[in-house]
Amino acid sequence: AGISKPVVRGMQGVRVMTVLNGMRIENQQWGGDHGLGISQLGIGSAEIIKGPSSLLYGADAFGGVIYLSDEKFANSNSISVDARSRFDGVNLGTTNSLNYKLSKKNVRFNAGGLYSSFADFKLPNGKYLENSRFYDHGAKLRFAVNHNNWSLQARYMYSNSQIGISGEVHEGEEPLPENFMVDSQGRAGLVPSQQIQNHFASIENRFFGKKFQLHLLIGHTFNDLAEYEESLDTTTLNMKLNTTLYNFKYIRKTGKSWKLVSGVQGMHQLNSNVEGLEDELIPGFTQFDNGLYSVGYFTLKKISFQLGARFDVRKLKSEGFDKIYASPNFAAGISFKKSDNILRFNISSGFRAPHISELLVEGEHHGALRYEIGNPDLVSERATQFDLNYEFKKDHIYFIINPFYTYVQNYIQLVELDSVIEDLSVYEYDQLDQVQLYGLDFGVHYHPHFAHYVHLGSSYSYIRGEKLNGSSMSLMPQSKIQSNLRFKIGDGSKRSFFLRSASLKLQYFFKQNRTSALETSTVDYSVLDAGLLFHWAIRDAHQLVIAIGAKNLLNSKYVNHLSRLKNIGINEPGRNLYINVKYSLRSMLKNKPKYI
């Protein structure tokens, strides 16, 4: 909890890029114990872009993109205030936030703050996982102004997290599950732990012409990662990562048929270690990235085409190490729409230079529970992906199926060795000449005509990763079926307080026995969630939304195949009863606003 990362088609970490409002986020994402570093404060939407997305986002978008966007501004000439509070029973967690929005004719402003605190989480057997506690606080500011055909947005986000590292194995101690369980919850900071501070700032200018648009975004991110092993007063590892980015984009439209998107992107990155500390996991380094791209879109009646190319260069320098990586990429696609059917086919390539952590890491990675060794001879990964996507949509049913195939050369993988250093299993970075990842995403949503209040949804995801000789790759996620049943009960037209909806969600994870040589298999399991959503229209401008429910309602004992605690036999959290409250206030501005 607090440090997990999304996995997109079997890829995670440095292969999946996180983008916040058009700016890529750099936050030591190479670490298995380093979370996204972005709080939920003010986030309005999250989009998952699967497969190589290097063409528009850069070389590190090798496996996919997590694209996060801010909430919309308040309506013109109005003020809004949202206060939110959530309580989670499984770890006595509290999350509280306040978001203020002011919008006038040409000026808009958002400001917010968040604080959360979580104790150790409860396991299905009634015990607690020691040092699974964490807290987070942060703030967010956003300012926008527009005049005629020009607009500007300035954004700033700050987060500060202290995260306990569970599963620490001390010298001479056998890693038995009961050694990490306690009878009571704690909230105060313990060691080992991490403290992570992030600052994200950007300025974006947009200029709109009759047939074109110009976008320029300049941003800076700062990540400060400190680890504590023996005492919270003594830092054992401290890395400071400064990243300056730019993104210039030109969009040209010719009628309704043609659109051209071209641009240049770049990044300068400097990572340094605080001197005199006990640990240094990766060395200090500087990195320069620059990329040039162009994508064309053409629509002819019911058929649309997309074709694009890109070229990236990366210069990576550290003590005794200086290399340049470069490669072209391309993407092409065609889609056909007829009546209620849409058929798409895409082919795209991907390029990813090895990360400094894969090249030069050396030492104990306590958060990931392993000793890691880098390989300075690694070369760039190259991928080609084929995507077929079919959608069918009618008034009462939606259906989608998406098979895919990815062929990767020089795939970089962390491989477990048959040895132990400092009581930790040893892992070394190595390359596989050729691998293939293939699978299927499927989804359906149905609400019958005779019962519009009933919504049935189900999705299935399957991923297989293997070498060309048929042997399995390590750390591939389990296949999963997720089914949802939701009843839309009331709409508030006659009552001020009403039950808006009730829902059930069942997730079934298939067993994972396609593993690498030293990797253990995982049994299948299912998790049931339930929830109720209430709405109270106190007055026209005042609304209260209350969500109550349970995660893992049946208190199932299970462990995910990709869990970092799997190798010490620790289950995922037990039953979690929660309540989430949101109070919203809306008010129109008068000629002389009271609140600014």
Side-chain angles (χ1 to χ4, degrees), residues 1-4 6 39-40 43 46 83-97 114 116-130 132-136 166 181-187 445 447 453-461 478 480-490 497-510 522-536 544-563 565 570-583:
I3 64 172
S4 60
S39 74
Q40 61 187 313
I43 298 297
R84 310 185 191 207
S85 184
R86 178 183 173 106
F87 175 77
D88 290 277
V90 74
N91 50 17
L92 301 182
T94 59
T95 302
N96 301 284
S97 66
L114 174 143
S116 60
S117 175
F118 299 84
D120 298 328
F121 69 73
K122 191 175 184 178
L123 294 160
N125 64 1
K127 299 281 188 177
Y128 301 91
L129 178 60
E130 188 176 26
S132 57
R133 59 198 71 177
F134 66 99
Y135 80 83
D136 174 56
S166 306
M181 301 178 190
V182 292
D183 294 324
S184 60
Q185 285 174 303
R187 191 181 297 269
H445 178 259
H447 61 282
Y453 54 89
V454 177
H455 293 260
L456 296 167
S458 187
S459 64
Y460 170 70
S461 62
Q478 298 160 268
K480 179 178 74 170
I481 293 178
Q482 178 174 298
S483 299
N484 299 276
L485 173 61
R486 184 169 68 93
F487 297 92
K488 187 178 179 181
I489 298 172
F497 183 80
F498 64 98
L499 175 61
R500 177 184 289 177
S501 65
S503 62
L504 288 172
K505 180 172 74 173
L506 177 64
Q507 299 180 82
Y508 176 73
F509 291 77
F510 291 81
T522 302
V523 299
D524 61 327
Y525 61 88
S526 59
V527 181
L528 179 65
D529 301 336
L532 299 172
L533 185 65
F534 296 89
H535 188 276
W536 187 8
L544 185 68
V545 177
I546 303 173
I548 61 174
K551 302 286 187 181
N552 191 10
L553 179 63
L554 303 180
N555 200 36
S556 301
K557 295 181 180 181
Y558 68 97
V559 58
N560 188 277
H561 185 69
L562 300 184
S563 170
L565 299 173
I570 296 294
N571 288 311
E572 302 290 338
R575 181 186 298 111
N576 178 28
L577 303 177
Y578 68 86
I579 180 169
N580 194 355
V581 180
K582 175 185 175 183
Y583 175 76

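Computed from a predicted model, the values in this text were never measured in an experiment.
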Verify the neighbour count for atom CD of Gln185: are there more than 12 heavy atoms of other residues, nucleotides or ligands below 6.0 Å?
-> yes

Using side-chain contact (heavy atoms from CB on, under 4.5 Å) as the criterion, list what pairs up with [X], not counting sequence neighbours.
X	result
Asp136	Ser39, Leu114, Ser116, Ser159, Ser161
Ile548	Leu532, Phe534, Ile546, Ile579
Ser503	Arg486
Gln482	Ser459, Lys480, Asn484, Lys505, Gln507

Per-pair distances, 0.1 Å, donor-acceptor, side chain in residues 122-129, under 3.5 Å, sequence neighbours excluded:
from   : atom 1 : to     : atom 2 : distance (Å)
Asn125 : OD1    : Lys127 : N      : 2.9
Lys127 : NZ     : Asp183 : OD1    : 2.4

For Arg84, what residues pass the salt bridge (Lys or Arg N to Asp or Glu O under 4.0 Å) criterion, not counting sequence neighbours?
-> Glu71

Report the C-alpha separation of Ile481 and Phe509 in whole Å, then their side-chain angles, then the decisive distance to 0.1 Å, and conclude whether the side chain to side chain contact (heavy atoms under 4.5 Å, CB included) test is met.
-> CA-CA 7 Å; Ile481 293 178; Phe509 291 77; over 6 Å; no

Please check this pair: side chain of [X] against backbone of [Y], looking for a donor-acceptor N/O pair closer than 3.5 Å.
X	Y	answer
Ser166	Ser132	yes
Asn576	Val90	yes
Thr95	Arg86	no
Arg133	Phe118	no

Spacing of [X] atom [atom1] and [Y] atom [atom2] [to the nearest 0.5 Å]:
X	Y	atom1	atom2	result
Lys488	Arg500	NZ	CZ	8.0 Å
Leu504	Phe487	CG	CZ	7.5 Å
Asp529	Asn552	CG	CG	7.5 Å
Ser97	Gln40	OG	CD	6.5 Å
Leu553	Arg575	CG	CZ	6.5 Å
Ser483	Leu506	OG	CG	6.0 Å

His447 and Val454, any side-chain heavy atoms less than 4.5 Å apart | no

Contacts of type ring pair (Phe, Tyr, Trp, His ring centres under 6.0 Å), residue [X], not counting sequence neighbours:
X	result
Phe510	Tyr508
His561	none
Tyr578	none
Tyr453	none

For [X] and [Y], which heavy atoms make the closest approach, and how far apart are they?
X	Y	result
Ser526	Ser556	O-OG, 3.3 Å
Arg187	Asn91	NH2-O, 4.4 Å
Ser85	Asn96	OG-OD1, 2.6 Å

Should Leu565 and Val559 be marked as a side chain to side chain contact (heavy atoms under 4.5 Å, CB included) after you check the CA-CA gap, both sets of side-chain angles, and the distance that decides it?
-> CA-CA 8 Å; Leu565 299 173; Val559 58; over 6 Å; no

For Asn560, what residues pass the side chain to side chain donor-acceptor pair (under 3.5 Å) criterion, not counting sequence neighbours?
-> Tyr525

Kindly write out the residues that satisfy side chain to side chain donor-acceptor pair (under 3.5 Å) with Asn555, not counting sequence neighbours, or none if the list is empty.
-> none

